[in-house]
Amino acid sequence: MTFTLAEARAADAADSLRPLRDRFHLPDGLVYLDGNSLGPLPRAAAARLDEVINAEWGEGLIRSWNAHDWIGAPQRVGAKIAPLIGAKPHEVLVADSTSVNLFKLLVAASRLSDRSVLLSESGNFHTDLYIASGVADLTGLTLDIAPRNRVESRIGADTNLLLLTHVHYKTAERFDMAAMTARARAAGATTVWDLSHSAGAVPLELNRAGAELAVGCGYKYLNGGPGAPAFLYVAEHLQERLLSPLRGWMGHAAPFAFVDDYAPAAGIDRFLAGTPPILGLAALEAGLDAFEGVTMERLWTKSRALFDVFHALVEQRCPELACISPRGEDQRGSHISFRHPHAYELCQALIADDVIGDFRAPDVIRFGLTPLYLGFEDIWQGVDRLAGILESGSWQEPRFAVRARVT
Ligand SMILES: Cc1ncc(COP(=O)(O)O)c(C=O)c1O
């Protein structure tokens, strides 16, 4: 397949999602292919934060907990995530970080049975494995970390919890959520899904897939800003059966009764711990509002087209890059990754050329394909500059080998 710059521009001109790009601030001349790591600034977020800071905080002060419903933000913002993941509004709550939410759900769910094993995938995102090891220490569960292709066969009579990341952060491989959940459930185990690379990226139907528990990031495809609060999902039928191990006052049935004894709030609210981060919630809410009027199916159709163009152009112009993301549309998420022995240097040289992707150790370069604001010309320009860097060998300049704290 050849795909020229003129064809890319024509595809953008014909794209009905193109106007959505105006909902974001994207620096001039920059090709931003890292929205799977940190989404760009939604234009509405700056205005909304200004209002929350100056009017609600500055003028309203503590009155704003009621007057501007700050207290209801975790549920209100959660309800805006619900349609993106195929959940009911009261099944999603915004709180804490993905790591902390994972801890809360794993510990809570481990108490649903007396089985002994917490099963997960080797090469899963490391925070998931670290949290799982902490949960195992605390609860006495045995951690079983199996290679991806063995996870399913390892589900057995002793499996208490199955922890899976739906779309793999490095390769973009996607699990069949309905099939894996059903397989675990048939064996008597509970599955916890990490949706960090799925929410806002691929169509999700948690209810339809029978998913019971999930967590996910707010700052990637949901565009909630650096360190945005995360979300958690608890299926309706489990909400009254689970107790959070972090029993903070905000998860109490009556936080302002100031009583000594803990009584969990009804429903998902019991998974709140401390005071909600209002500024972070306001930014995330603006990020979610950027999805207004567009379905995940439409976004996914465009994501697939962006993937096909990226894949074909790299195959043609950068044959030294080996694609490690599956081609099958049911088998992957919305990013594309390649192996190269000098992936780090390549990535730095690209950034110097105003194309932002990211590097994942030890040898992967990764590009987020985010149809809310990316077009075909972005893809074309990105690959064109990548090909130029490979042809010229400019990535070999010593400055591109210097490792910063965040890689
Ligand atoms: C799969 C996955 N889970 C969790 C996280 C991060 O979790 P936290 O919000 O606790 O930093 C990431 C971050 O990249 C991720 O890719």
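Ligands are counted one by one from 1 in listed order, and the atoms in each one are counted from 1 as well. Computed from a predicted model, the values in this text were never measured in an experiment.
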Item to check | Qualifying ring pair (Phe, Tyr, Trp, His ring centres under 6.0 Å) pairs with a residue from residues 108-128, counting only residues at least two apart or across chains | outcome: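 Matches after skipping sequence neighbours: Phe125-Tyr169, His126-Tyr130.
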Item to check | salt_bridge(Arg148, Glu173) N-O dist < 4.0 Å | outcome: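 Between Glu173 and Arg148 there is a salt bridge, with a charged N closer than 4.0 Å to a carboxylate O.
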Checklist entry - Are there more than 12 heavy atoms of other residues, nucleotides or ligands under 6.0 Å from atom CD1 of Ile62? => result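 No, the 6.0 Å shell around CD1 holds no more than 12 heavy atoms from other groups.
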Checklist entry - Quick check: are there more than 12 heavy atoms from other residues, nucleotides or ligands sitting under 6.0 Å from CG of Asn149? => result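 Above 12, so yes.
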Item to check | Qualifying residues under ring-ring contact (aromatic ring centres under 6.0 Å, His included), relative to Trp57, sequence neighbours excluded | outcome: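 ring-ring contact (aromatic ring centres under 6.0 Å, His included) check on Trp57 returns nothing, list empty.
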For ligand 1, find each of its N or O atoms that sits under 3.5 Å from a protein N or O atom, and tabulate the pairs with distances to one decimal place.
residue	atom	partner	partner atom	Å
ligand 1	3 (N)	Asp128	OD1	3.4
ligand 1	3 (N)	Asp194	OD2	2.7
ligand 1	3 (N)	Ser196	OG	3.4
ligand 1	9 (O)	Thr98	N	3.2
ligand 1	9 (O)	Thr98	OG1	3.0
ligand 1	9 (O)	Tyr219	OH	3.3
ligand 1	10 (O)	Thr98	N	3.4
ligand 1	10 (O)	Ser99	N	2.8
ligand 1	10 (O)	Ser99	OG	2.5
ligand 1	11 (O)	Tyr219	OH	3.1
ligand 1	14 (O)	Lys220	NZ	2.5
ligand 1	16 (O)	His197	NE2	2.9

Next on the checklist: Applying side chain to side chain donor-acceptor pair (under 3.5 Å), can you list everything that pairs with Arg111, at least two apart in sequence or on another chain?
Outcome noted: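 Scan of Arg111 (side chain to side chain donor-acceptor pair (under 3.5 Å), adjacent residues dropped) gives none.
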